[in-house]
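All remarks here apply to the structure that follows.
Since the model is a prediction, treat every value here as computed from it, not as a measurement. We number each residue from 1, following the sequence as shown. Start at 1 and go down the list; that is how both ligands and their atoms are numbered.
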Amino acid sequence: MRRTGWPGKARQAETPTRAVGLARLASFVPHAAACARERNRVVPPHDRVSRLSPYLRHRLILEREAIAAVLDAHPRDAVDKFVSEVLWRTYWKGWLELRPRVWEAYLDQLRRDRDGLAGTASARYAEVIAGRSGIACFDAWARELTETGYLHNHARMWFASIWIFTLRLPWTLGAAFFLRHLLDGDPASNTLSWRWVAGLHTRGKHYLARAENIARYTEGRFDPKGELDEQALPLTEPPLDLTPGPLSASIEVDTDLPSGLLLTPEDLAPEASRLSKLRFRGVAGGWDEPVGAGLDLAPAVVDFSRAAIADALARAEAHFAVPSDVLDEGDWLVSAEAWALSLAVRQVVTLETPLGRWRERLEQLDARLARHGIALVRVRRIWDSSLWPGATRGFFPFNEYARRQGRLDGLTRIEPSQPG
Ligand SMILES: Cc1cc2nc3c(=O)[nH]c(=O)nc-3n(C[C@H](O)[C@H](O)[C@H](O)COP(=O)(O)OP(=O)(O)OC[C@H]3O[C@@H](n4cnc5c(N)ncnc54)[C@H](O)[C@@H]3O)c2cc1C
């Protein structure tokens, strides 16, 4: 692969804006086909993968934009792997949306596992997350994660596997450690990937990290021969109903009512959404300290969201030609309510927040606004409405579902200024 600029960019600290995300995508596109062949190689600065995940996760850029960009530049076969990778994100989101109890069960188990940490187990856990487990590769990844907010997918799989099967720590604590530090930390991709490694997602089928595989894909940088438990059995858990339920209905906006636009860090590209043609009296958004504290987020993760929200507010102000307000971080709910009242709107419109803390926050805001006769209208993207219902079984049927009858092509061709 020709190395023209791409590797260096991966190392620089960037201001998280939509423009930077789109530029990152544009500079990755020419390399997408070559990268696909070597994407499992785990050698910093990870120039065989896109490193687009923090931008995709906050929807500074969209899944459909990433897929359309690579398909426009390459034959489909050459970038099929990349398309599937992006669809994994949509799949995990849809899968969890159809089974919210899996997220609730994770939070309950995490609480119990945190409470259960005592004595030597607690000291061991502290050593492990400080990068002092004694397993060189694992410790290097723990440091890389806390210092950069990123780990290569293969390293995430090895890390989770060693955490669960060699170090014998509760998987929930590992998932929470990832969520604390990853700039792309995401309830669906993270929780479900940890469950998949543990053997809880596809029951009885777990992912065991093997020393030989690590040595091969780190190109000899690490060789943990004899240090890993390569025989461990999958984890089990009390019965949990994994039957998919219905998706909640997406509510439509009443275009005749005076409205305000509310942004959350779950979706920061309103001008490239079905809201783009609507008229608003104002736009607001801001970080919410209790959300960050609830997830124990690292300062770099909070800073990423703060900067991304500021960028989205500036873009929305220009696109919708309305004033923007930054909500109070310490009192987000009260501040959002006061903003809606100050605009004298009848509805507050926001892009759907998937399962997680921000959704809980919106539910609280909904109740507050209702007291004033103001509706909170959560609009789901066409991408999500079309694809999430397909996440009823495993990824491979989902992948088929996404591509059936040109569904994916249709979805990627929705122009930014059109609904979507
Ligand atoms: C234990 C574990 C925890 C994970 N936690 C997260 C998380 O919290 N947030 C997150 O975004 N991803 C998570 N992933 C998935 C994956 O590791 C990252 O999305 C990927 O490494 C991001 O790097 P990239 O942008 O260079 O990916 P690329 O390889 O360039 O892929 C392009 C895009 O496809 C998507 N993608 C690729 N692989 C996956 C995958 N396995 N699952 C979901 N989406 C994928 C991402 O949006 C990514 O940006 C986790 C994986 C594991 C094994």
Kindly compute the distance separating CZ (R361) from CG (L333), expressed to the nearest 0.5 Å.
-> 4.0 Å
Location of contacts on [X] toward ligand 1, heavy atoms closer than 4.0 Å:
X	result
R89	both
V86	both
W196	neither

Identify, by atom number and element, the atoms of ligand 1 in contact range of S53, meaning under 4.0 Å from any of its heavy atoms.
-> 22 (C), 23 (O), 25 (O), 49 (O)
Ligand-side contact atoms (ligand 1) for residue partner W194, heavy atom cut-off under 4.0 Å = 1 (C)
Heavy atom of V197, distance to ligand 1 below 4.0 Å | no
Say whether Y150, considering both its backbone and side-chain N or O atoms, lies within less than 3.5 Å of an N or O atom on ligand 1.
-> yes
With ring centroids as reference points, do Y401 and F395 lie under 6.0 angstrom apart?
-> no
The one among [options] that brings a heavy atom closest to [atom]:
atom	options	value
atom 40 (C) of ligand 1	F159, W88, F395	W88
atom 29 (O) of ligand 1	H154, R195, R39, E85	R39
atom 17 (O) of ligand 1	N153, L182, N190	N153

Does the ring of W92 carry R89 above it, NZ/CZ under 6.0 angstrom from centre and within 45° of its axis?
-> no
Atom of W171, atom of T191 and distance for their closest heavy-atom approach | CZ3-O, 4.0 Å
Nearest neighbour in protein (non-hydrogen) for atom 26 (O) of ligand 1 = R51 N, 2.7 Å
How far is atom 2 (C) of ligand 1 from its nearest protein heavy atom, and which residue and atom is that?
-> S193 CB, 3.3 Å
In terms of the angle between their ring planes, are H206 and F165 parallel, tilted or perpendicular, with boundaries placed at 30° and 60°?
-> perpendicular
Taking the side chain as every heavy atom from C-beta outward, state whether V128 and F177 have any atom pair closer than 4.5 Å.
-> no
